[in-house]
Protein chains: 2
Amino acid sequence: MNATMDSIDLELAARIRSDILQGNYAEGERLSEAQLCQTHNVSRTPVRLALRLLERERVIRRSEGRGYLVQNPTVADILQAVQVRGHLESLAARLFALSDKRASFLPDMEHAINVIEDCADAGSLDDAAIRRAQAANKTFHTTILKACGNAYVSYTCEQISHLPMLAAGSMVFDRSANDTADQSERAMFRLRLGNAQHQVIYEAIKAGDPVRAEGMMREHSHTMIEYIQTFEKRDKSLTVMDLVAYSGMPSDTE
Amino acid sequence: MNATMDSIDLELAARIRSDILQGNYAEGERLSEAQLCQTHNVSRTPVRLALRLLERERVIRRSEGRGYLVQNPTVADILQAVQVRGHLESLAARLFALSDKRASFLPDMEHAINVIEDCADAGSLDDAAIRRAQAANKTFHTTILKACGNAYVSYTCEQISHLPMLAAGSMVFDRSANDTADQSERAMFRLRLGNAQHQVIYEAIKAGDPVRAEGMMREHSHTMIEYIQTFEKRDKSLTVMDLVAYSGMPSDTE
DNA sequence: CCACTTGATTTGGGATCCCAAAACGGTGTT
DNA sequence: AACACCGTTTTGGGATCCCAAATCAAGTGG
């Protein structure tokens with residue numbers, strides 16, 4: 001599944017993160033280094049690197065002298081992460097629209113838009129299609145980050161992209177729907193809606209309109225925030241696990 | 001000097017970064033782990049952690065199989081980092097202005113503004129005053145980041161703040177001035193100008209005006225970008241070392 | 001019953017050791 | 001001189017070991 005054989009610490013971090021996001025740990029539960037070494041069959045070195053990473057992602061919290069404690073991300077955390085990512089992406093969109101080298105990146109974006117369009121237009125949305133759409137969405141966004149010409153943008157963005165990616169994946173999941181056909185219907189609707197925004201952003205960038213590109217990107221991320229918020233409003237007990245449900249494995253970094 | 005006795009890897013990173021920013025390494029020069037271990041008298045573990053950090057800061061670059069190479073940051077790098085930081089700070093300012101808990105943070109900001117004002121109003125700008133003003137400026141900005149209520153903002157911002165801090169420090173340095181008295185004069189002028197923007201931002205936040213707070217913060221960071229750009233225009237050979245000159249030790253993290 | 005001491009366990013973090021893989025360097029062959 | 005071959009360094013990264021400091025868990029004495 002994972003094409004790139006990453007170093008153990010990254011893989012470890014992904015596994016632990018995945019464990020936590022699936023709700024296998026109680027809030028505040030202690031993560032013992034020794035325990036993790038044993039269950040994952042590695043030494044402390046990579047474990048400590050992984051814990052460092054996860055701390056930065058705010059999935060765990062450290063308490064001086066007592067190790068790391070699980071800090072299950074809340075829906076509020078996700079909203080915050082999405083907010084930051086969206087804000088950075090809007091900067092990226094502006095810079096991208098101003099870049100004179102932007103032509104070379106446009107085909108990738110166009111292709112991503114087409115792939116999503118195809119998924120949304122197909123009769124039903126099976127698992128493979130969902131994955132395809134998610135991958136294309138990711139391509140669309142990372143292309144903008146990479147192409148904007150400011151390396152710090154993509155760097156900082158990557159640091160906090162796990163939760164937003166998860167949220168993006170969850171937009172095809174709708175607990176309020178009655179049956180799977182209905183769910184699929186709504187998912188495709190949202191997919192089409194999001195892709196329409198992609199289209200507008202793409203055109204603004206292509207036309208070299210920085211203000212519009214930034215504004216539209218801002219709106220795009222705001223759409224996701226609003227979606228999660230209404231979701232939360234409808235279902236007070238909304239947890240991160242619900243969002244995880246259809247977001248695919250959170251381990252697919254890069 | 002350093003109150004917090006940080007772990008060795010952070011201190012190491014600071015030392016190496018400082019070395020590089022002072023131009024002690026040629027562009028592309030190889031950083032040998034063994035060498036660093038010897039000169040700093042530590043083992044490879046902290047060295048590797050430090051190199052990891054510096055890579056993220058883009059002060060060094062790694063070339064698979066050949067270790068790390070020095071990548072002296074250019075003025076363009078600084079501009080990019082400032083741009084990202086400024087963008088994040090403008091988000092922070094907006095959120096801060098919307099926060100209902102903002103009252104408790106206002107005194108800190110007010111105090112910072114007053115300290116800078118005092119420095120600018122004093123007859124001359126000695127070294128101690130420069131340090132004081134720098135520290136207050138840092139307080140002003142980090143307060144906004146911390147107080148905005150979105151932990152991801154301050155987290156991501158910290159990741160790339162070394163170069164911007166350096167640039168901020170350099171704003172009291174003006175190579176175009178003829179003598180030190182003239183330099184001091186100009187420095188105080190810029191200090192006052194920047195502080196006027198601080199005042200406006202402070203008031204917008206206090207008044208709970210998110211749009212104005214964000215806009216003014218954007219303008220504030222744009223001022224710095226413009227300053228560096230005109231600097232660069234006047235002196236094509238402007239290097240990072242020039243900016244380092246009056247920015248104080250780049251080791252004062254947190 | 002509470003405060004204080006003491007010993008076992010854990011964390012934090014650095015030093016070494018080790019090994020595979022890649023790069024470098026020198027040698028000999030065509 | 002170009003190129004393949006082979007030994008030597010480095011790098012990359014994990015496993016162990018080690019030690020100081022903090023925590024926890026009893027146990028002891030007032």
Side-chain angles (χ1 to χ4, degrees), chain A residues 2-17 19-20 25-71 155 158 251 253-254, chain B residues 2-17 19-20 25-71 155 158 251 253-254:
Chain A
N2 247 356
T4 59
M5 189 44 185
D6 274 326
S7 46
I8 287 195
D9 58 334
L10 294 186
E11 198 189 314
L12 237 186
R15 282 222 294 268
I16 299 176
R17 186 192 307 119
D19 263 11
I20 292 178
Y25 291 96
E27 175 70 24
E29 191 171 336
R30 228 161 122 170
L31 278 179
S32 147
E33 285 186 8
Q35 187 93 23
L36 291 172
C37 290
Q38 227 174 346
T39 63
H40 294 96
N41 214 34
V42 288
S43 80
R44 282 182 59 208
T45 313
V47 167
R48 286 181 48 204
L49 289 177
L51 291 178
R52 233 170 217 243
L53 265 181
L54 293 175
E55 187 194 4
R56 277 208 300 268
E57 289 175 22
R58 307 184 58 77
V59 171
I60 60 180
R61 171 174 38 108
R62 80 182 288 178
S63 134
E64 185 66 30
R66 303 199 314 139
Y68 291 90
L69 311 179
V70 171
Q71 182 172 35
Y155 163 57
E158 273 167 20
S251 59
T253 24
E254 185 57 3
Chain B
N2 248 356
T4 59
M5 189 45 185
D6 275 326
S7 47
I8 288 195
D9 58 334
L10 294 186
E11 198 189 314
L12 237 186
R15 283 223 291 268
I16 299 175
R17 186 193 307 119
D19 263 13
I20 292 178
Y25 290 97
E27 175 70 24
E29 191 171 335
R30 230 160 120 169
L31 278 179
S32 147
E33 284 187 8
Q35 187 95 24
L36 290 171
C37 290
Q38 227 174 347
T39 63
H40 294 96
N41 215 33
V42 288
S43 80
R44 281 182 59 208
T45 313
V47 167
R48 286 180 51 204
L49 288 177
L51 292 179
R52 234 169 216 242
L53 265 181
L54 294 175
E55 186 194 6
R56 277 208 299 270
E57 290 175 21
R58 307 182 59 77
V59 171
I60 60 180
R61 172 174 36 110
R62 81 181 288 176
S63 134
E64 184 66 30
R66 304 200 313 139
Y68 290 90
L69 310 181
V70 171
Q71 182 170 35
Y155 162 56
E158 272 167 19
S251 60
T253 25
E254 188 55 7

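In what follows, chains are A, B, ... by sequence order, proteins preceding strands, each numbered from 1.
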Minimum side-chain heavy-atom gap Glu27(B)-Gln71(B) below 4.5 Å: yes

Value in whole Å for how far the C1' atom of dA15(D) lies from CD1 of Ile8(A): 10 Å

Minimum-distance nucleotide (side-chain atoms of Arg62(A) versus dG13(C), dG12(D), dG14(D)): dG13(C)

Atom-to-atom span, CG of Asn41(B) to P of dA15(C) - whole angstrom: 8 Å

Nearest listed nucleotide, side chain of Leu49(A), among dA15(C), dG14(D), dT11(C): dG14(D)

Non-hydrogen atoms of Ala50(B) and Asp9(B) that approach each other most closely: CB-O, 3.6 Å

Side-chain N or O of Ser43(A) closer than 4.0 Å to phosphate OP1/OP2 of dA15(D): yes

Length of the CG-P vector between Leu10(A) and dG13(D), whole Å: 9 Å

5'-most by nearest nucleotide on DNA chain D - Arg44(A) or Glu64(A): Arg44(A)

Heavy-atom donor-acceptor pair, Arg66(A) side-chain to dG12(C) base, under 3.5 Å: no

Proximal nucleotide (of dT11(C), dG14(D), dG12(D)) relative to the Pro46(A) side chain: dG14(D)

Heavy atoms of other groups near Gln35(A) CD, more than 12 under 6.0 Å: no

Minimum side-chain heavy-atom gap Leu69(B)-Arg30(B) below 4.5 Å: yes

Between dT10(D) (C1') and Gln38(B) (CD): distance, integer Å: 15 Å

Distance in angstrom units between Leu51(B) CG and dT10(D) P, rounded: 16 Å

Phosphate OP1/OP2 of dG13(D) contacted by Arg48(A) side-chain N/O (<4.0 Å): no

Spacing of Glu33(A) atom CD relative to dT10(C) atom P, expressed in whole Å: 12 Å

Beyond-backbone contact of Tyr25(A) with Leu31(A), side-chain heavy atoms, under 4.5 angstrom: yes

Overall bend - the helix from dC1(C)-dG30(D) to dT30(C)-dA1(D), comparing terminal axes fitted on five pairs, nearest 10 degrees: 0°

Rounded distance in Å - CZ (Arg61(A)) to P (dT11(C)): 15 Å

Which residue lies more 5' along DNA chain C, comparing Gly67(A) with Thr45(A) via nearest heavy atoms: Gly67(A)

Nearest-angstrom distance from the residue atom CZ of Arg52(A) to P of dG13(D): 16 Å

Crowding at CD, Gln38(A) (>12 non-hydrogen neighbours, <6.0 Å): no

Nearest atoms (heavy-atom pairs only) where Leu49(B) meets Arg52(A): CD1-NH2, 4.0 Å

